Trainee: 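Would you mind keeping the following structure in view while I ask a few things?
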Amino acid sequence: MKILRINMGAEGGPKATETPMGDYEGMGGRGLTSTLVAKEVPPMCHPLGEENKLVIAPGLLSGTIASMSGRISVGCKSPLTGGIKEANAGGQPSQMLARLGYGAVVLEGKPKGDNLYKIFINKDGVKISADNSLKMLGNYDVVEKMKKEYGEKMGCISIGQAGEMKLAAASIAFTDMEQRPTRHAGRGGVGAVMGAKRVKAIVVDDSGAGMRAPQDPKKFQEANKRWVEGLRKHPVTGEGLPAYGTNVLTNVINEAGAYPTKNFMWGRFDACQKISGETQAQTETARGGLATHGCHRGCVIQCSGIYNDKDGHYLTKQPEYETVWALGGNCGIDDLDSIALLDRMCDDFGLDTIEMGATVGVAMEGGLAKFGDAQASINLLKEVGKGSPLGRILGSGAAVMGKVLGVERVPVVKGQALPAYDPRGIQGIGVTYATSTMGGDHTAGYAVATNIMKVGGYVDPLKPEGQIELSRNLQITTAAVDATGMCLFIAFAAMDQPDTFQALLDLLNGFFGLNLTGDDVAALGKKILKSEREFNAKAGFTKAHDRLPEFFKKELLPPHNVVFQVKDEDLDTVFNW
Ligand code: SF4
């Protein structure tokens with residue numbers, strides 16, 4: 001494997017250099033992005049300046065036959081939080097880059113002038129060219145143009161208008177199996193950093209590149225067989241997620257009284273049935289879409305789908321639970337078609353659906369629109385695509401929106417919006433939100449699994465006891481999983497079934513010729529978190545930043561009428577291992 005570095009600010013125009021993995025040998029995904037950012041990016045630099053770097057890294061097992069291994073990590077200093085950022089996505093480009101032998105693509109520097117660039121990577125090398133015809137196009141149009149130019153087999157990594165405008169909620173899109181820009185590294189404004197480098201699209205064609213070959217093919221193939229069997233037999237990864245997608249959680253979290261409704265005012269949404277995963281799957285099937293579908297080749301869980309409009313035409317991929325919540329229940333909206341349209345708009349403009357839903361929720365609380373008004377929500381999002389002054393404020397995220405409108409109830413940590421679980425109703429996820437190096441982030445340590453679904457044991461969601469240990473262990477494990485390129489949803493089966501966890505270890509051992517144990521995985525997770533924490537400390541973060549907004553400690557959340565009860569001094573012990 002090698003690293004492709006592209007200096008966008010080089011004299012005479014952008015310049016590509018291939019270097020050996022060097023210090024980053026044996027690293028992948030979040031392990032590589034966070035280590036590289038911590039080592040090479042000055043923590044106090046401006047996130048949109050020339051010293052920031054955008055690192056795009058396939059996982060350790062990406063490009064192999066291992067099932068579920070197609071996640072790709074994007075790392076940089078975040079324009080949204082000001083701290084280190086890793087956001088990962090599915091789609092095809094991870095497998096393609098890895099098969100071409102790239103451990104990472106690093107965008108460095110910043111070009112002078114206002115040219116916009118595209119980068120083409122295939123087995124013959126790298127070509128960088130200015131293409132101003134792409135300016136201010138949405139992701140769908142960009143991909144159509146790239147398909148015409150580079151053929152039907154390419155994969156595309158791109159930004160929409162939001163990334164070009166360097167908005168702090170801008171995402172980076174990765175194409176799926178149908179070559180649609182539906183998979184996003186959404187969080188933290190990574191798209192704004194790509195926009196600051198003036199790169200609109202990275203097109204990858206892996207024609208002629210074979211699968212990556214394992215050190216021990218027999219062990220690797222046998223482990224993959226056990227791996228797939230384990231994922232298929234677990235009720236969450238084998239039944240719930242394939243049948244209803246992640247949106248299966250709407251009813252579950254609502255029932256638990258932890259479904260943040262109307263900007264985190266209540267824990268239950270009366271109309272949740274209308275936007276539930278069950279209703280969504282039924283709608284998709286009835287309209288000739290798909291209720292079960294993968295976001296990349298080799299996914300056996302297939303939590304995604306295809307959402308068609310009322311006339312049976314493709315509208316968007318199956319909106320995920322977080323999206324349906326953010327743009328739905330959080331804004332009091334109970335119309336699936338409007339939510340699907342908002343999802344499509346976010347994918348096209350290149351916006352994080354969680355951040356945008358939270359921002360619209362704050363805007364509604366601030367009086368800019370009424371809760372439940374789907375058309376008003378669509379109109380607000382259109383402003384972002386147009387780049388109007390209001391649109392740019394909205395595209396800067398919930399924290400900025402709250403300041404502009406003088407709203408006190410702003411659900412953010414380290415400047416990043418909280419996802420679809422109220423931390424008063426699920427206290428374990430509150431610990432993760434507060435302490436994660438990433439800002440408000442459910443994927444950093446998904447305590448919901450244990451608090452609500454009783455996966456990997458059980459810790460009472462409404463009590464503070466046991467939540468620190470739970471979040472700590474999950475944050476460590478997640479950091480390691482994010483390095484492998486495996487989709488995080490494998491964790492349900494791996495946490496519950498020791499033989500499935502062993503199969504994952506054997507995949508790594510068979511591929512790299514190692515003898516890793518569970519302790520080594522934990523050590524890897526700790527190492528990643530340590531480098532991220534060190535970066536954040538140098539960027540000015542203190543323990544005061546590891547806190548939830550005040551209202552979670554003061555306002556009772558119906559129906560359980562609870563506040564967040566984990567003490568500050570206990571939050572400060574999460575990283576004491
Ligand atoms: S389980 Fe879902 S998110 Fe994960 S790889 Fe499969 S389709 Fe993508």
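On a predicted model such as this, the values are computed, not experimentally measured, just so you know. As the structure lists them, so they are numbered: ligands from 1, and atoms in each ligand from 1.
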Trainee: With side chain to side chain contact (heavy atoms under 4.5 Å, CB included) as the test, pick out the partner of Ile426 among Thr450, Ile452, Val459.
Mentor: Ile452
Trainee: In this structure, is the centre-to-centre distance between the rings of Phe489 and Tyr446 below 6.0 Å?
Mentor: no
Trainee: Check whether any side-chain heavy atom of Asp506 sits under 4.5 Å from a side-chain heavy atom of Phe220, and report yes or no.
Mentor: no
Trainee: At their closest point, which heavy atom of Ala398 faces which heavy atom of Ala417, and how far apart are they?
Mentor: CB-CB, 4.5 Å
Trainee: Do Leu97 and Ile157 have side-chain heavy atoms sitting under 4.5 Å apart?
Mentor: yes
Trainee: Look at ligand 1 and say whether Arg183 reaches it with a heavy atom at a distance under 4.0 Å.
Mentor: no
Trainee: May I ask you to identify the nearest protein heavy atom to atom 4 (Fe) of ligand 1, giving residue, atom name and distance to one decimal place in Å?
Mentor: Cys487 SG, 2.4 Å
Trainee: Using a distance threshold of 2.8 Å, state whether an N, O or S atom of His296 lies below it from atom 8 (Fe) of ligand 1.
Mentor: no
Trainee: Can you sort out which atoms of ligand 1 are near Arg71, meaning under 4.0 Å from one of its heavy atoms?
Mentor: 3 (S)
Trainee: For atom 6 (Fe) of ligand 1, what's the nearest protein heavy atom and its distance?
Mentor: Cys299 SG, 2.3 Å
Trainee: Look at the N, O or S atoms of Cys303, main chain and side chain alike, and state whether any lies under 2.8 Å from atom 2 (Fe) of ligand 1.
Mentor: yes
Trainee: List the closest protein heavy-atom neighbour of atom 7 (S) of ligand 1: residue, atom name, distance to the nearest 0.1 Å.
Mentor: Cys295 N, 3.2 Å
Trainee: Would you tell me whether Thr432 and Ser471 have side-chain atoms, one donor and one acceptor, within less than 3.5 Å of each other?
Mentor: yes
Trainee: Please confirm whether Tyr321 and Tyr421 have ring centers closer than 6.0 angstrom.
Mentor: yes
Trainee: Please could you name the atoms of ligand 1 that Ile301 approaches to less than 4.0 Å, counting only its heavy atoms?
Mentor: 1 (S)
Trainee: Atoms of ligand 1 less than 4.0 Å from Phe489 heavy atoms?
Mentor: 1 (S), 3 (S), 4 (Fe)
